[in-house]
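Computation of the quantities below employed the complete heavy-atom set of this structure, encompassing side-chain atoms and omitting hydrogens, waters and symmetry-equivalent molecules. All values derive from a computational prediction rather than experimental measurement. Each chain gets a letter, A, B and so on, in the order the sequences are listed, and its residues count up from 1.
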Amino acid sequence: MLHASFLLITSVALLSIGIYGLMTRRNAIRMFISSELVVNAGILAAMTTFIYLGHSLPAGEAFLLYSIVLVAAESAVGIALFLLIMKLFATPQLDEIRKIREELS
Amino acid sequence: MIQYAYLVPLISFLGFPLCLLFGRRTWEKGGGIAIVLVGLSLILSIPAGMEAIEGKEFLIKLNWMGLVGFSGIYVDGAAGLMLIAVSWVSFLIVMFSLGYMHEDPGRPRYYALICLFIGAMQLFVISLDMVTMFVAWEIMGFCSYALIGFWYERMPAMRGSLKAFLTTRIGDVFLLAAMLLVYLNLGTLNIVRINSSPPQLSRSLVTMISIFMLIGAIGKSSQIPLWGWLWEAMEGPTTVSALIHAATMVNAGVYLMARMFPFISSSNTALLATSYVGGLTAFLAATLAFTEYDIKRVLAYSTISQLGYMLLAIGLGGVGRGVFHLLSHSSFKALLFLCSGAVLHATLDTRDMRKLGGLWRSMKLTAMAMLVGSLSLAGIPPFSGFFSKGLVIETAAVNGDTVLYLLAAITSALTAFYIFRMWFMTFFGWRERPPEEFHVHEAPKIMLIPLYALVATTVALSFLGEDVMVQVSSAMGYLSSKYSEGVVEIGKAVALVSRVRIPKLLIEPITLTLAVMGLALATYMYYISRPPDLTRTFLFKLLDEKYGTDIFCYGLAALFREHLSPFMIWFDRKIVDGVVNALGREFLILGDYMRRIHTGVVQDYVEILALGIVLLLLLMLL
């Protein structure tokens, strides 16, 4: 069995990478992937605590399974949105899209 | 049948939604519904009331919002009598309305409100406790407001309805205060229990509660000083006036005093106040009628005056006599009002008696009916007014002091004078025939039937006279056996100025002589010769201004308007609104600052999030 700290460190690393990605990237797809990393970091941390705090009830696992499904659904919605954005603006660069919006308004 | 008594008001209440919803599509635009329902409640009330008069009692306590003992029905002899009287007179008035309101476009509203009004009075009469009483009392207040202002496009009607509502409201507040005091001190609002409880309370408390109840009755029954609304209430349809004066509304105040009498009777101050308010109102209201040319207002003053008689009798211990006068008054006053309604119907709503006159030839049937009503009001035998008023005056003579007796006796002369002044001015008035443009015609049958039914009632009541008196007295006897004779010896307890010393045998002849004198004077002045023009004299002006009570009330209102209201407006605008506005302004300014961090750029938000994580980490490390 892995040590809890290993899992938690992985989780923190994922979170940091995700936040770094979110802050530095302007490409919508990259940002989306980064935000997925953040969410998964959260799920991993939660799972670790559920397992290592010794809860015998399957509630924790069920709960996390539930969140994973939700995240999957949410990513489907997100990808649909990006497809629309690509169709409308013909670019995935969010700062360029913002410029177009400011010019329009 | 008595166990179905609670259905009587319910059936009448049913007319309110039915007339509003289906009135437009039915016969007479709701008139059909109203007369059927009021007729049904009359049919039900007669056996129920008769059983109650014979001595049965019926009591239900209802569960009202989880509270038991705050509402219920109590039918005893007095309630039974009143129930029959109210239903009977109301039924005839609704029947008369079918003819009188025939051309009015607002009939669904009219009949709906009439049904609600009648139902409220029936409920008031049979209520067990003061909460039910108060609810019915308020419904009546609202209905009278809505019906007086029925022709709301007319300015005087609007003013009259508002005045009625606001004036009676003053009385209502005091009645509510009395209720609260009773509840705080006795923990019950059940009338029967209240009536048996005065010994538990201190004398001053009983006096205070009784005086508050008296003020409530003063407002409802239009006594001094809250009498201004009743003559302005004449702006409504005449049938409404008849209903307010004969069957519902004003009778409620007197009935309240009669119902609460055992409680009130343990306070001599309250009794004395009641009798003096009654006596003074009886006298002063009768004098007001002398200078009035409006046919309906003359009747309004006579109602005020007769209600004064009832309170006089009740204040002096003659509860049965007061209620008997109430019953006989309601029959002949309904008769008088309906007759005046027939007159107005024939003359395009001309209420000024100087313009009327000479109607005798074309309206003999109405004139005869009105003559019966007038004779009854004037107290000429063999009509019911003679007996009932005679009993009231006898109470004043036996139990009252000289002032009260003189007030009561002189008023009977005044009454005979002004009512025959009205009768002669309307039907003769030195005119052979009325002006051509009126197209005067006799009232249609649907209006004449109720008139003659009321004539029959008036005559019948006078033959029943003694019997009904005994019934009423014994019905009131539930209150306490010592009041069963209708007259209490309170003369010993109350510090009367001086007792009247008239032999009992002479009381009735004196009253009758005074009434006949008034009648003769009216005949002489308004039929045989012309009255002198007194419009310039001081007395005429004083009476025309109603002793200045209206000026006083309006002055008081102006005082509030000009001195209190500006301050209240300042307080409301600067303090109450000011605090609210200042708060709103501060939040607006705060919002202006706060919205600068909402750039709409995801990266900025993530930076703040990261900053938060770093802060959390720092906190954990420290």
Would you please test B/Y110 and B/L147 for side-chain contact (heavy atoms from CB on, under 4.5 Å) and show each step?
-> CA-CA 7 Å; B/Y110 172 80; B/L147 283 170; 4.1 Å; yes

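- Summarising the local packing, CZ of A/R26 is surrounded by more than 12 heavy atoms from other residues, nucleotides or ligands at distances under 6.0 Å.
- Taking 4.5 Å as the heavy-atom cut-off, the residues of residues 31-47 of chain A that approach chain B are A/M31, ordered by number.
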Could you go through the side-chain contact (heavy atoms from CB on, under 4.5 Å) check for B/Y605 and B/L609 one step at a time?
-> CA-CA 6 Å; B/Y605 299 155; B/L609 191 139; over 6 Å; no

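- Residue A/L15 touches chain B through its side chain alone, counting heavy-atom pairs closer than 4.5 Å.
- In this structure, B/R109 places its CZ atom where more than 12 heavy-atom neighbours from other residues, nucleotides or ligands lie under 6.0 Å away.
- The shortest non-hydrogen separation linking B/T132 to B/G72 is OG1-N, 3.5 Å.
- At a threshold of 4.5 Å between non-hydrogen side-chain atoms, the residues B/I139 and B/F117 do not count as touching.
- The nearest pair of heavy atoms linking B/K29 to B/Y111 is O-CD1, 3.8 Å.
- At a heavy-atom cut-off of under 4.5 Å, chain A is reached by no residue from residues 562-580 of chain B.
- By the 30° and 60° cut-offs, the orientation of the rings of B/W137 relative to B/F124 is tilted.
- Residues A/S11 and A/T48 form no side-chain contact, since every pair of their non-hydrogen atoms from C-beta on lies 4.5 Å or further apart.
- In this structure, B/F58 places its CZ atom where more than 12 heavy-atom neighbours from other residues, nucleotides or ligands lie under 6.0 Å away.
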